[in-house]
Amino acid sequence: TVLILDFGSQYSHLITRRVREAGVYCELLPCTQKIDDLHFKPKGIILSGSPYSIFDDGAPHVDPKVFDLGVPILGICYGLQEIARNKGGQIGICEKREYGHAQLRVIKHAEHPFIDRLLDGLGDESVVWMSHGHHLDKAPEGFRVIGETDASTYAAVGHETDHIFGIQFHPEVTHSVDGARVLHNFVVDICGCETNWTMASFIDKEIERIRAIVGPSGQVVGAVSGGVDSTVAAKLMKDAIGDRFHAILVDNGVMRLNECQAVKEILRNRLGINLEVVDASDLFLGRLAGIKNPEKKRKIIGNTFIEVFEKQAALIDERTAASGHGKIDFLLQGTLYPDVIESISFKGPSATIKTHHNVGGLLDDMKLKLIEPLRELFKDEVRALGKLLNIDDELVWRHPFPGPGIAIRILGEVTPAQVAIARAADYIYIEEIKNAGLYRQISQAYAALLPIRSVGVMGDQRTYEQVIALRAVETTDFMTADWFPMPYNVLKRISNRIINEVKGVNRVVYDVSSKPPSTIEWE
Ligand code: XMP
């Protein structure tokens, strides 16, 4: 295992990713991690970059014991400066911030072949990505320059005898052309890690971990939605503890058309997950009656969800107590790595749990402990995992769907009649996107029902009906998104079908707003 200590850089998760892509298992921990408290012995340590200046009051620092472990260390950007701070180098402020591409010239040292290993295979020059306002003015004793750029004399350094390296550039971003090679060199050739981290090994390890946490009779509950994250998490849990895992699907009345039935079929029948479906649609829709404010809708759905879920969990607890199982102590959540990145900060462990917006509140109320088997994974890794766990492609590649469902896609009041219109239009939209072979190219698509009427003509009749807005976006992180350039012929088919088949709609428009400044959802 390689230990990555995070100083809060926006790129820290990418380091984790590249190391895993090299087939080496690694863990990302806050830079304040006490070395004595580590639960494993790392074979190497990487110190990340940071948004902080090393001169700031309150700038984060590592436990100096990092340097006593005797394992190879690689400092990246701020990490390099942190090494210099500990080892007696001099750090200065760049006259001009160095940001963007730079040409790295590799400097070889025949007398110290070991330090050449870090940049092995890069040739004489390589394009790297820089982003820093400080640099080394003088390297600590024993360090040799192994790479320089026009602006940075100490773009890469290595210690003659201790296996400590520092680089000012960011090897984890793809703009550094040979960055992956540099990280591979470090973790494999320098640290000597084995390259045996694969998704299959992840499954075995995670199942073992879950069994150890839950114990031989403990029980776990978890909400499922039919999305890829909660399904993959549920399948892992089922493989680990079988029927002691209870999946709960709450039908909130604002799911997609036929959704509840489809989820039931896949999870219960195909994946063998112990699933209970609670039909609470009347309760949800009753509470949503008369509510137009988007935030109020979200709140009502969130709170009602917690209430229904807790009640069901209590019922299961009661029922299974008789069978000799332990109490339900754990809550499963399909939290992914990007959700936790922001919260893995050096500001302390108190900030390390960011509960999912749908189920936030459950932990406090139910005194449950959280299990998050996917918390180290990225979305595409979860998809790969889903495939390995024999989950259907269709589910694995599903677009995300918000917890408050189509309630936040029906602008204005959510009534059963409005739900029926929005569902029908959305169903046609997605069906035609799939027919056109575009579903996977689009990150998320849905139909929103607008609370306005416009005039139309059908046959000889004047109509005065509602508007459907089609949304489709491309994005990797859902923080920013571009609208998808939907081909005209596809739009034409969708529009025709919706207007002809969905009663109550006489106009369809396509949303051409990117995020920011718009959001993906309309509410
Ligand atoms: P926005 O509208 O903020 O959406 O651009 C970004 C992504 O988040 C999803 N989303 C939610 N997901 N509960 C969820 O589980 C919510 O309350 C929620 N609100 C937005 C949205 O569908 C998009 O993928």
Side-chain angles (χ1 to χ4, degrees), residues 222-234 248-256 259 263 284 287-288 291 293-306 308-309 331-343 353-363 372 374-375 378-380 382-383 395 397-411 414 422-423 426 429-430 433 439-450 469-484 511-523:
V224 289
S225 64
V228 55
D229 306 342
S230 67
T231 307
V232 169
I248 298 175
L249 173 66
V250 175
D251 183 352
N252 58 12
V254 284
M255 291 166 71
R256 284 169 285 204
E259 178 82 355
V263 175
F284 279 88
R287 289 187 184 172
L288 285 169
I291 307 295
N293 179 298
E295 281 312 300
K296 277 200 185 134
K297 288 186 197 172
R298 280 172 186 274
K299 220 171 236 144
I300 289 172
I301 295 173
N303 291 341
T304 309
F305 177 87
I306 291 176
V308 174
F309 184 88
L331 176 71
L332 171 71
Q333 273 192 26
T335 321
L336 303 196
Y337 197 52
D339 306 329
V340 282
I341 291 167
E342 299 155 36
S343 31
I353 295 170
K354 179 175 149 196
T355 46
H356 197 283
H357 12 224
N358 297 326
V359 275
L362 278 177
L363 291 169
E372 298 174 304
L374 312 181
R375 58 174 290 126
F378 293 89
K379 192 83 176 184
D380 55 337
V382 173
R383 293 201 160 116
L395 198 150
W397 286 98
R398 237 161 166 215
H399 293 172
F401 184 69
I406 52 178
I408 55 167
R409 295 170 173 182
I410 295 170
L411 283 80
V414 180
R423 271 186 177 157
D426 188 72
Y429 183 34
I430 300 298
I433 285 177
Y439 189 77
R440 283 209 202 169
Q441 253 168 277
I442 297 169
S443 310
Q444 193 171 8
Y446 69 90
L449 177 59
L450 309 189
L470 305 174
R471 184 90 165 119
V473 295
E474 285 176 294
T475 171
T476 46
D477 56 9
F478 295 88
M479 306 286 284
T480 62
D482 280 328
W483 55 276
F484 181 76
D511 183 347
V512 288
S513 336
S514 52
K515 173 184 179 177
S518 298
T519 52
I520 295 172
E521 300 294 344
W522 272 52
E523 283 195 339

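When a ligand or atom number is given, it counts from 1 through the structure's own listing order.
Here atom 23 (C) of ligand 1 lies nearest to Gln444 when heavy atoms of Arg471, Met479, Gln444, Glu523 are compared. Closest to atom 22 (O) of ligand 1 by heavy atom, among Glu521, Lys515, Lys297, is Glu521.
Of all atoms in ligand 1, numbered sequentially from 1 with element shown, those under 4.0 Å from a heavy atom of Thr519 are 1 (P), 2 (O), 5 (O). Atoms of ligand 1 found under 4.0 Å from any heavy atom of Arg298 (numbered from 1 in listed order, with element): 16 (C), 17 (O), 18 (C), 19 (N).
With a heavy-atom cut-off of 4.0 Å, Pro404 touches ligand 1 through its side chain alone.
Checked against salt bridge (charged side-chain N to carboxylate O under 4.0 Å, His left out), Arg398 has the following partners two or more places apart in sequence or in another chain: Glu259.
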Asp229 vs Lys379, salt bridge (Lys or Arg N to Asp or Glu O under 4.0 Å): CA-CA, chis, key distance, verdict
CA-CA 8 Å; Asp229 306 342; Lys379 192 83 176 184; 3.2 Å; yes

Verdict with supporting geometry, Ile248 and Val224, side-chain contact (heavy atoms from CB on, under 4.5 Å)
CA-CA 6 Å; Ile248 298 175; Val224 289; over 6 Å; no

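On a distance-only criterion, Ile408 and ligand 1 share no N/O pair closer than 3.5 Å. At under 3.5 Å, a nitrogen or oxygen of Ile520, whether backbone or side chain, sits near a nitrogen or oxygen of ligand 1.
Annotation: cation-pi pair Arg471/Tyr446 absent, no NZ/CZ under 6.0 Å from the ring centroid and within 45° of its normal.
Taking the six-membered ring for Trp and the full ring otherwise, the centers of His399 and Tyr439 sit less than 6.0 Å from each other.
In summary, Arg409 and Glu523 do not engage in a salt bridge, as defined by a charged side-chain N under 4.0 Å from a carboxylate O.
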